[in-house]
Every structure is written in C-alpha cells, then in structure tokens.
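One structure is given here, and the rest of the page talks about it.
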Amino acid sequence: MDNKIILNGIYKKVIILFAFLFLAYFVFTVINIKYYLKEYGYSIKELPKTIAVYFHLSKGFTVEQNENDKSIFIGRHNYIYDNVFKKNGYYNSERLGNSVIYIKNENGKQIRLYVLSTDDWCHWFRIYKIEGAKIEDFI
C-alpha cells in the first residue's frame, strides 16, 4: 500500500514537471514570435495566427494585400509550399534565388504565380510576397 502511494506521488511530480516544461517552452516561443513580429513591422494582432503557423496548425495567412493583387503572408519555411501549390495544379517552373515561379495550365492558358521568400525570417516563421493570389486560396 505504501509503495502505491509513493508511486502515485512520483507520477504526479513527473506530470507536473512535464506540464511546467511545456508551459515554459510555450511562453518562450510566444515571447520570441512577438519580438520578431514587432521587428518586422507587425503588431500583436498577428500573434495568434503566427503561433498557429509555428505549431503547424496553419500553413500561413495573409497580413497585407494591395490593389495590384499582390499580398504578403506569414508562413512556414519554403519546403512546404511546393506541395501546397502542386495540390492546386501548379508546378514549380523556375527558381531564382528567393523567388519561385509556379505555373498552372488551365483552358489552354498558362497562369503564373510569383512567390518571393523575403529576407524577413526567423526560426518561427518566414514572410513571403505572392503576386496574383492570396495564400488562403491554396490552403
């Protein structure tokens, strides 16, 4: 009986330790994401969606769009977007440094999509420019 009580106490301490470590990691992550968002000119209102991007709950979200159909979005790092656009019928036709041109053939016409990976990036997210669409059109 005493061994059971001791084991239950140890399990509770281990669970509390893991919960504390997860909470500390989460707070550390949020503070750093907030710091980099501010450094790149964005406000705290983008924080929840950026946290979702970092924890792979979202592939990205638009933060700005102008009348010329150019948008800026916060997303993960480059490696996922080839698959995102491929699922929507686009293929990677040309990669020039930080920019990629994706092409989709539709009704005998080529639709081009220009995606630029900006120099604004950190461990938690990256900022992209996309011409001709919004990232929400693909996810």
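Values below: all heavy atoms of this structure, side chains included; hydrogens, waters and symmetry mates excluded. The shown structure was predicted, so the numbers you read here are calculated from the model rather than taken from an experiment.
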Residue pairs meeting salt bridge (Lys or Arg N to Asp or Glu O under 4.0 Å), one or both in residues 88-109, sequence neighbours left out, come to Asp82-Arg95, Lys104-Glu106

Flag side-chain contact, heavy atom, 4.5 Å: Lys49 against Ser58: no

According to the salt bridge (Lys or Arg N to Asp or Glu O under 4.0 Å) rule, which pairs have a member within residues 110-120, sequence neighbours left out? none

Grouping I, L, V, M, F, W and Y whenever their side-chain heavy atoms are under 4.5 Å apart, do Leu96 and Tyr102 come out in a common cluster? no

Between Tyr128 and Tyr81, ring centroids under 6.0 Å: yes

Grab the two heavy atoms, one from Val53 and one from Gly75, that are nearest each other, plus how far apart they are. CG1-C, 3.6 Å

Looking at Tyr91, I'd like to know if its OH atom is crowded, meaning that more than 12 non-hydrogen atoms belonging to other residues, nucleotides or ligands lie closer than 6.0 Å. yes

Does the separation of the ring centres of Phe138 and Phe73 fall below 6.0 angstrom? no

Can you measure from CD1 (Ile72) to CG (Leu116) and round to the nearest 0.5 angstrom? 9.5 Å

State, with a plain yes or no, whether a side-chain heavy atom of Phe61 is found less than 4.5 Å away from one of Thr50. yes

Between Glu136 and Thr62, is there a donor-acceptor pair closer than 3.5 Å when you use the side chain of the first and the backbone of the second? yes

Output for pair (Thr118 OG1, Ile74 CD1), nearest 0.5 Å, gives 9.5 Å

To the closest 0.5 Å, what do you measure between OH (Tyr114) and CD1 (Ile101)? 5.0 Å

Are Tyr42 and Ile127 close enough, and set up right, to give a side chain to side chain contact (heavy atoms under 4.5 Å, CB included), and what steps lead you there? CA-CA 11 Å; Tyr42 298 102; Ile127 299 174; 3.4 Å; yes

Could you state whether Leu47 and Phe55 fall into the same hydrophobic cluster, counting links through intermediate Ile, Leu, Val, Met, Phe, Trp or Tyr residues with side-chain heavy atoms under 4.5 angstrom apart? yes

Identify whether Leu113 and Ile135 are in the same connected component of the hydrophobic contact network (ILVMFWY, side-chain heavy atoms under 4.5 Å). yes

Using distance only, find each side-chain donor-acceptor pair of residues 25-34 under 3.5 Å and give its atom names and separation, not counting sequence neighbours.
| residue | atom | partner | partner atom | Å |
| --- | --- | --- | --- | --- |
| Tyr25 | OH | Tyr54 | OH | 2.8 |
| Thr29 | OG1 | Tyr25 | O | 2.9 |
| Asn32 | ND2 | Phe28 | O | 2.8 |

Looking only at heavy atoms, which two atoms of Ser43 and Leu37 are closest? And how far apart? O-CD1, 4.3 Å

Check whether any side-chain heavy atom of Tyr90 lies under 4.5 Å from a side-chain heavy atom of Asn88, and answer yes or no. yes

Donor-acceptor pair, His77 side chain versus Cys122 backbone, under 3.5 Å? yes

Closer than 3.5 angstrom, by distance alone: can the side chain of Arg76 be matched with the main-chain N or O of Gly60 as a donor-acceptor pair? no

Taking all non-hydrogen atoms of both residues, which atom of Ser71 and which atom of Ala133 are closest, and how far apart? OG-O, 2.9 Å

Is any side-chain heavy atom of Phe85 closer than 4.5 Å to one of Ile130? yes

With clusters defined by side-chain heavy atoms of hydrophobic residues (ILVMFWY) lying less than 4.5 Å apart, directly or transitively, does Ile139 cluster with Ile111? yes

Out of curiosity, does Tyr35 fall in the hydrophobic cluster containing Ile44 (side-chain heavy atoms, cut-off under 4.5 Å, transitive links)? yes

Rounded to the nearest 0.5 Å, how far apart are CH2 of Trp121 and OH of Tyr36? 9.0 Å

